[in-house]
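Right, one structure below, let's go through it.
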Amino acid sequence: MADQSRAPYLEALLEYAARDPRRLHVPGHKGGPAADPLLREAIGEPALALDIPALTWGIDVGPEPTPFQEAQSLAAEAWGAARSWFLCNGASQANHVALLTLAHAGERVVVQRNAHSSTVDGCILAGLTPCFVAPALDPELGIAHCLTPDDLDAALRDAPDAVGATAVSPTYFGAVADVAGLAEVAHSHGVPLVVDEAWGAHMAFHEDLPAHALSLGADLVVSSTHKIVGSLTQSAMVHLGRAAEGRIDENVVDRAVTLVESTSPNSLLLGSLDAARRLAATRGHELLGETIAAMSEVRVSVRAIGGLDVLDERMIGAPGVYDYDPLRLAIDVRGTGASGYEVASALREQSEVILELAGENVIVGVFGMAEEAAPQGRRLVAGLKGAVESLGDRGDRTREEFAPPPPWGELAMSPREAFLGPQEVVGVQEAAGRIATESLAAYPPGIPNVLPGERLTVETLDYIQTTLELGGSLRGASDRRLRTVRVVAE
Ligand SMILES: Cc1ncc(COP(=O)(O)O)c(C=O)c1O
């Protein structure tokens, strides 16, 4: 076991800055002196001094392993990967890398329908045609959970030429998939499983958390390290599974990483990954233990507020919910009669408590690995009490029926062809039958109703319009009120 208390890359940056070299290289702020004073004041001289370009001797070039290589090896060891790559463009870049990697093997890929937009964009970049598979839907809350192994099996049978499958776990709402089951199914069809674990980088560091995808046989894991573990925004990792050999070529992943990466990756972002790994590996267990305990008290207090309930272990066993992540605080607001949007706005306006996500029925607060969860939780609970009181009694919406979305339209061309082809904007009345060039995802439940390359149907357009009229929202569309749609010019 290597010394996880070290942060070789960040230490090398600090040493470089401490030597105070004559910087005849980029960036033009020269480590601080040439920066705008407001920037200096905002982020501080020490941060600017650590903004050091790639290909610097003793940091990422020089005798091997370089500090940069050592840092990535420590991360691979900490997460249990065969190899890990540090990324500067978020888990979005990791998804692009994953799809570009899969595209080496063929032309089609099985994709969970409510995958993050970067997965669909990855298909556009890679020229892959997605075969979509629906996640399980929660008919009460109107939210999407995870993909089940049976559904993946059916999808892979329907697409025998697919070169891989990609699934999301955990979801925004904290539901965790049966990753071991998904991996077994994918491998039985002879293809790799990519798990978008953007929300689960912390799960490797505490036994009371759901097991993480790399430990369950996933071949490539997308990790948005900044989300919960606390590296700087935009930093992320992609991990190669230890048993992925024969299914995924490490050198192909490596080339895909450089293809979608700047030649000037930001050293502060990379250094923050090294530091976040150090914190997680050395103190993650203790810190997560505290956060998990505090969160369980926060849940009790939230449930004591009239009209509010929380999503917790009671949802385990529902279709598409194999486990749940207790660091996500998803609150069911239906009992207040108000929408999640209204509760979130009241919270923001009255208490300056800012949530990660608000939907029609559920609001979500995210807690970090090293957060002081107890005081933050108390502040949230006090704010929620005030917000719910101020919204008044609006009746209970718990029994409202949720209409599931209509089936998505036929894929008339690949997302890439739709994205690159000639486009025009048409009024929504003329849009049925045309091929979309953009994504349309009505919330709730947020499963894309339309993705680039799909033919628009009357049912889908009506459904989105009704959701909007009922106070829902539309993501991905260039016109969020859906008066117009961008379609392929025919
Ligand atoms: C499931 C999932 N994958 C990928 C991403 C992209 O992550 P990033 O913002 O780090 O690029 C997100 C972002 O929210 C996400 O929810």
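Heavy atoms only: backbone and side chains are in, while hydrogens, waters and symmetry mates are out. Atoms within each ligand, like the ligands themselves, are counted from 1 in listed order.
For the 3.5 Å distance criterion, the side chains of E371 and Q376 fail to qualify, holding no donor opposite an acceptor. Side-chain contact check for D325 and W199: no donor-acceptor pair (N or O, by modelled atom type) lies under 3.5 Å. Side chain to side chain, H239 and S84 meet the donor-acceptor criterion of an N or O pair below 3.5 Å. Side-chain polar atoms of H29 and D51 form a donor-acceptor pair below 3.5 angstrom. Between the side chains of E207 and H285, at least one donor-acceptor pair of N or O atoms lies under 3.5 Å.
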Please tabulate, line by line, the atom pairs linking an N/O of ligand 1 to a protein N/O at a distance below 3.5 Å, with the distance in Å to 0.1, or answer 'none'.
unit_1: ligand 1; atom_1: 3 (N); unit_2: D196; atom_2: OD1; d: 3.2
unit_1: ligand 1; atom_1: 3 (N); unit_2: D196; atom_2: OD2; d: 2.6
unit_1: ligand 1; atom_1: 10 (O); unit_2: A91; atom_2: N; d: 2.9
unit_1: ligand 1; atom_1: 10 (O); unit_2: S224; atom_2: OG; d: 2.7
unit_1: ligand 1; atom_1: 10 (O); unit_2: H226; atom_2: NE2; d: 2.8
unit_1: ligand 1; atom_1: 11 (O); unit_2: A91; atom_2: N; d: 3.1
unit_1: ligand 1; atom_1: 11 (O); unit_2: S92; atom_2: N; d: 2.8
unit_1: ligand 1; atom_1: 11 (O); unit_2: S92; atom_2: OG; d: 2.6
unit_1: ligand 1; atom_1: 14 (O); unit_2: K227; atom_2: NZ; d: 3.0
unit_1: ligand 1; atom_1: 16 (O); unit_2: W199; atom_2: NE1; d: 2.9

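Using a 4.0 Å cut-off between charged side-chain N and carboxylate O, D153 and R157 make a salt bridge.
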